[in-house]
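Numbering of residues begins at 1 and proceeds along the displayed sequence. Order of appearance sets the numbers: ligands from 1, and atoms from 1 within every ligand.
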Amino acid sequence: MKIKDAQKEFLHYTEEYRSLGTSCLLKIHHTFRVMNLCETIAKSLNLKKKDVEIAKLCGLLHDIGRFEQWRNFSSFDDSSTVDHANLGVEVLEKDDYWKSYFTDESIKKTVFNSIRYHNKYSVPSDLSERDQMFCNIVRDADKIDILYLYTRKEIHVDTENQAFSPKVYQCLMMESQINREDKKNKADWLAISLGFLFGINYEESLRILMKNDYYNKEIDIYQEETNNLELKEQLENFRQKVKVYRKG
Ligand SMILES: [Fe+2]
């Protein structure tokens, strides 16, 4: 497996989707940033060179389902369309397309698991430790880049001047990730991104988030934007949580 060739194939595959609009182009950029973050995290874990390459491959392919999702639904909303992670695995399975990215069949299960579980609430505990690790690397990298996109306003939530709903806010204060199913209003979308913090797996990921100050930047944007005093206060309380948060 040569990661350079895999990147070339990815660019070739996504070529035709570029004409569908900027949304697909943004996903291509997201993909390459996630791939690079996977490399950084994998290196921080002192993985062997070959495993660093596998981590990059997982990052490169994690969102491959996004393009067919957009072509079919013009939407990236999984809840009203299709689970893009499962779709990604289907895309690679079809006509053995995965062979255009790597030929080593022994890593297929690992790569597919990292794609399938990158967007799920948690990683199944019956996966091998090694597979769980690659899943967790991709999940961290993806979360970091999503938070970056919030600070760039490339992802933006209209909170409709609402505050976080009680259960969702309680989750944040108890330092737990938020389950998408608990979302009650538009502001809760924002809470989900903040709750990513508690799903971060690796010290290096946390270091990247803190170094870039993504949380303070995101909180600043929404505090400034909302007129809802309760939301302003909830955001401030979360800011304080971030300040002292240490991975358990
Ligand atoms: Fe994704």
Side-chain angles (χ1 to χ4, degrees), residues 6-7 9-11 13-14 17-18 20-42 54-94 97-98 101 110-124 127 131-152 154-157 177-181 183 189-190 192-197 199-202 205 208-209 214:
Q7 290 179 56
E9 176 55 34
F10 179 82
L11 286 172
Y13 172 77
T14 50
Y17 297 92
R18 287 166 176 252
L20 300 179
T22 53
S23 301
C24 285
L25 192 63
L26 291 175
K27 284 293 173 204
I28 295 170
H29 292 158
H30 163 71
T31 290
F32 282 100
R33 286 193 306 267
V34 168
M35 183 190 75
N36 289 330
L37 285 163
C38 284
E39 179 179 22
T40 305
I41 298 166
I54 294 173
K56 287 177 80 173
L57 184 65
C58 294
L60 179 71
L61 296 176
H62 84 285
D63 258 354
I64 193 136
R66 282 299 193 192
F67 304 96
E68 274 302 290
Q69 181 185 33
W70 188 265
R71 194 219 295 274
N72 288 309
F73 304 100
S74 299
S75 164
F76 289 137
D77 178 10
D78 284 16
S79 60
S80 62
T81 63
V82 64
D83 183 311
H84 74 278
N86 298 345
L87 181 59
V89 172
E90 273 176 44
V91 166
L92 291 168
E93 287 275 25
K94 194 172 175 230
Y97 176 53
W98 61 273
Y101 292 94
T110 301
V111 175
F112 280 20
N113 277 335
S114 79
I115 298 169
R116 190 177 286 117
Y117 298 115
H118 87 266
N119 67 338
K120 306 296 187 286
Y121 182 69
S122 59
V123 176
L127 295 190
D131 281 15
Q132 286 189 41
M133 178 188 72
F134 285 107
C135 285
N136 286 334
I137 292 172
V138 175
R139 288 164 67 90
D140 275 17
D142 194 30
K143 288 186 174 87
I144 293 167
D145 197 62
I146 290 170
L147 289 165
Y148 162 74
L149 288 167
Y150 268 96
T151 69
R152 303 263 307 166
E154 284 182 39
I155 297 179
H156 190 261
V157 171
Q177 283 193 91
I178 292 158
N179 197 327
R180 286 193 194 93
E181 284 157 27
K183 182 171 58 67
W189 273 118
L190 177 61
I192 290 171
S193 74
L194 300 178
F196 283 174
L197 177 64
I200 289 292
N201 297 288
Y202 299 113
S205 313
I208 296 167
L209 285 177
Y214 289 154

message: For the Fe ion (ligand 1), give me the closest N/O/S atom belonging to H84, just the atom name.
response: NE2

task: Kindly confirm whether the Fe ion (ligand 1) is within less than 2.8 Å of some N/O/S atom in H118?
output: yes

- prompt: Is any N, O or S atom of D63 under 2.8 Å away from the Fe ion (ligand 1)?
  reply: yes

- line: Test salt bridge (charged side-chain N to carboxylate O under 4.0 Å, His left out), reference R33, set D142, D63, D145, output is D145

message: Side chains of Y97 and E9, heavy atoms from C-beta outward: is any pair under 4.5 Å?
response: yes

- request: With H62 as reference, evaluate H30, H118, R139 under the side chain to side chain donor-acceptor pair (under 3.5 Å) test and give the passing residue.
  value: H30

Heavy-atom neighbours of R152 CZ exceed 12 at 6.0 Å: no

